[in-house]
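Notes follow the structure.
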4 protein chains.
Amino acid sequence: MVREASALGARRLQATEGVLPHSVVTEGTRGRILDAALRLFAEAGYAGTSIREIAAASGVQSASLYAHFPSKEHILAELAKIGHNEHHRALRAALLESDPSPANQLAAVVRAHVLMHTELSMLAVVSNTELHSLSPEMAAPVMATRDSSVQLIQEVIQRGVDLGAFDPPHVWLAVAAIGAMGIRVANWFTSDFELGAEEVADVYAEFALRIVNSQDR
Amino acid sequence: MVREASALGARRLQATEGVLPHSVVTEGTRGRILDAALRLFAEAGYAGTSIREIAAASGVQSASLYAHFPSKEHILAELAKIGHNEHHRALRAALLESDPSPANQLAAVVRAHVLMHTELSMLAVVSNTELHSLSPEMAAPVMATRDSSVQLIQEVIQRGVDLGAFDPPHVWLAVAAIGAMGIRVANWFTSDFELGAEEVADVYAEFALRIVNSQDR
Amino acid sequence: MVREASALGARRLQATEGVLPHSVVTEGTRGRILDAALRLFAEAGYAGTSIREIAAASGVQSASLYAHFPSKEHILAELAKIGHNEHHRALRAALLESDPSPANQLAAVVRAHVLMHTELSMLAVVSNTELHSLSPEMAAPVMATRDSSVQLIQEVIQRGVDLGAFDPPHVWLAVAAIGAMGIRVANWFTSDFELGAEEVADVYAEFALRIVNSQDR
Amino acid sequence: MVREASALGARRLQATEGVLPHSVVTEGTRGRILDAALRLFAEAGYAGTSIREIAAASGVQSASLYAHFPSKEHILAELAKIGHNEHHRALRAALLESDPSPANQLAAVVRAHVLMHTELSMLAVVSNTELHSLSPEMAAPVMATRDSSVQLIQEVIQRGVDLGAFDPPHVWLAVAAIGAMGIRVANWFTSDFELGAEEVADVYAEFALRIVNSQDR
DNA sequence: AATGAATGAGAGTTCATTCAT
DNA sequence: CATGAATGAACTCTCATTCAT
């Protein structure tokens, strides 16, 4: 059975909920703008969304947006920052709470990676696919966070290799592959999926352990 | 070591060559339009590219585009069709030429999947990330091809499971994960990578076999 | 002596003044847009007038028009509405103020009809010759008003027939003929004409009474 | 009962047949172009019709039009010439064939005027409402013909006045009114009308005689 | 904070016309 | 005669942004 439904055109993601993380203040007009922009950017992309559409979805006039953000680009930058910070925070928290064994660490980190992409799928899609619309200056801090997250996963795997617990054919490719499969989850996951987010995360953790050929799983 | 360079803003792909497959005619103005549009869509996205930019990169006036394509959307549709057809053709050819053993089949298909994303990375990026810009009617045939490709991989894995050769925790998730990791290759692969395309394909084939826990690898 | 001058090409109307009725607010940018559009539509037609010409004649940029009207078509619709409303209002007022005798009523209505076409000749020309440029939806309310005006004249004549005061060879044709001759006045009347508007109106009222063979004139 | 139907938007004329006079050669591509242009100009106006639409309706490419006419304007000029020539020819023929009495002459001329507007309504509408789209140079010969036709009617009426047979309140206004009522017939007449063209022409001839207060009718 | 009006630039598309074939 | 391709100009309309209120 093929999963990704072909009805109604190609959607960039299936989810319609789970917009901004609770940790970010969403109240007030500024919050409504971020929320509206996130939904629209996720659906139609940054370039495909107009400032007037964001305004309309926020219940204000377009001129009012400029009382909260200096430009359209700053809205995207804020969303991307929130997204990548949230992602990085989740990875770090998972690592902190896990057993020191490489297998446990990798499983924990991959689970966090996947769960972030199921729970905040809009934010993940926008943060991952719209970065190129930011100027280098505005993209830089976000990319630093992203690189830092990649490095975190890479260090977990490298440690497993160094300790003889993992044996991937190529460390960086393993990081790339494991990262990639988690990122794509945001594009198809919905609460209607036959498995819950936790179960999907478990399966993907198992995939990651297999990729690195973990001795202990 | 983190691979994806953070300089000069976030690029959607690293490759600057490997545009259209040799199998499609690229001669004449129509070909130059497709070629130019592909490069621009890959870099800046469909909505972020103007008809005048495509024209300028094709060496004609914007009005001349309309002698070859009835609308901007038709250019994207043509590119997406070429991309997904080429992808599907590569998967089918790989399957036809491989040994009938499930492991050989999966390795062959994954290698073809990855190689397509290294050799035609621009086409792959555009075909995968800009489909949402097509109207449902124009997207439909392309999505049908895409679904068909997903199904092909799924059938290979399912056959391995049925024959007792594979043991993935979840068939469809394995398909999703294997597909995802290959798709992402288009975003970072360049001929400057420390491994060649063939080597990357081999490593990813190994990843796939591990994901399905192939007995024979 | 032939009246309609042949110099300088065929003008659609001779008048250069008498644009919008005093009853409609003409102040502000919106008013200037309506005024400018009316002059241009009268001269060159709706399709022959560009949004930039309207903007230039209004003293704003073309984009600013869209703060006042959602489309070029809406400008024409507004003008046509004003024109037909003003026409209908004039006919009704004339009927209300006239003696109840059929001859007096017909004379009053025809005078109002003609005077409207001398005083608001631009509005009359545009309202009568550009309706076909409106979509059916936007034309509908205007055409309802127009039909209502035709009916008003028809009822006056029918009443005269029923009372034995009029004897036209065909009621509806009499309405059509009387209406037509008044409408055309907008195309040639100017303040330079050897007769004033009132005198022309009197003559046309006499024509109308003759057409219906009024016993009392 | 109100005649002019309000359904389907405001049409500029009701007739869908009766395009070009038999006297004009309509065969070959040139004829098909004239025919197509006439229908389109009648429906949407000169400025509202594109050269490509004319070409499509003629069954050729737009470039082919230029093998037959040097510009779009020349097509309109040709149609307007045909229309006004046909009109003038009809008036002159009617005058030649009629009794020398002023009443007979006026009736004959008005009948011809009206019949031309019923039989060649498209040509009449275009010739009358699109002249302003011609440059002064191209409009001049057509307008000369038109003026000549007006003068013909005027001379008939003036002769009636001089002979004591007619008594209009104002000669030129009588010409204008009689001309106007006939011109408008083209906008509403169809073969579905309750009266035939001949009957309408008879009624309008009667209207004209009444307008000039003919002693003999 | 929020707005309505305004702007210059640019969007996708169509225009009438030309030209080599 | 007819065409497909091309053009420069122009089309209606939308863009992100500004500003006085």
*From C:Leu38 CG over to C:Ile82 CD1, what is the distance, rounded to the nearest 0.5 angstrom?*
8.5 Å
*Within a strict 4.5 Å, meaning less than it, do heavy atoms of the D:Ser127 and D:Leu79 side chains meet?*
no
*With no hydrogens and no angle check, is any side-chain donor or acceptor of C:Asn128 less than 3.5 Å from a backbone partner on C:Ala124?*
yes
*5' priority, DNA chain F, between A:Pro70 and C:Ser71 [closest heavy atom]*: C:Ser71
_Students should find this one: the first and last nucleotides of DNA chain E, 5' to 3', lying under 4.0 Å from a heavy atom of chain D. What are they?_
E:dC15 to E:dC19
*asked:* Among residues 40-57 of chain B, which ones have heavy-atom contacts with DNA chain E below 4.0 Å?
replied: B:Thr49, B:Ser50, B:Ile51, B:Arg52
*With a 4.0 Å heavy-atom cut-off, tell me which residues in residues 59-69 of chain B come close to DNA chain F, sorted by residue number.*
B:Val60, B:Gln61, B:Ala63, B:Ser64, B:Ala67, B:His68
*Report yes if the side chains of A:Ile33 and A:Thr29 come closer than 4.5 Å at any heavy-atom pair, otherwise no.*
yes
*Results of side-chain hydrogen bond (donor to acceptor under 3.5 Å, both in side chains) for D:Asn85 - residues two or more places apart only*: none
*For the residue pair A:Leu131 and A:Val126, establish whether any side-chain heavy-atom pair is separated by less than 4.5 Å.*
no
*List in chain and number order the residues that pass salt bridge (charged side-chain N to carboxylate O under 4.0 Å, His left out) with B:Arg32, two or more places apart in sequence or in another chain; answer none if no residue qualifies.*
none
Pairs under 3.5 angstrom only: tabulate donor-acceptor contacts from the side chains of residues 53-68 of chain B to other protein residues two or more places apart or in another chain.
residue: B:Glu53; atom: OE1; partner: B:Ser50; partner atom: N; Å: 2.8
residue: B:Ser58; atom: OG; partner: B:Ile54; partner atom: O; Å: 2.6

_Where at least one partner belongs to residues 125-140 of chain C, residue pairs that pass salt bridge (charged side-chain N to carboxylate O under 4.0 Å, His left out), sequence neighbours excluded_ = C:Arg12-C:Glu130
*Closest contact, heavy atoms only, A:Ala139 versus A:Leu134*: CB-CB, 3.9 Å
*Check salt bridge (charged side-chain N to carboxylate O under 4.0 Å, His left out) between D:Glu43 and all other residues, then give those that pass, not counting sequence neighbours.*
D:Arg11
Return all side-chain donor-acceptor pairs below 3.5 angstrom for residues 69-78 of chain C, not counting sequence neighbours, or 'none' if the list is empty.
residue: C:Ser71; atom: OG; partner: C:Glu73; partner atom: N; Å: 3.2
residue: C:Ser71; atom: OG; partner: C:His74; partner atom: N; Å: 3.2
residue: C:Ser71; atom: OG; partner: C:His74; partner atom: ND1; Å: 2.8
residue: C:Lys72; atom: NZ; partner: C:Tyr46; partner atom: O; Å: 3.0
residue: C:Lys72; atom: NZ; partner: C:Thr49; partner atom: O; Å: 2.7
residue: C:Glu73; atom: OE2; partner: C:Ser135; partner atom: N; Å: 2.6
residue: C:Glu73; atom: OE2; partner: C:Ser135; partner atom: OG; Å: 3.1
residue: C:Glu78; atom: OE2; partner: C:Arg30; partner atom: NH2; Å: 3.2

*Bracket notation of DNA chain F in which parentheses pair within the strand, [ ] cross earlier pairs, and | pairs with another strand (Watson-Crick or G-U, under 3.5 Å)*: .||||||||||||||||||||
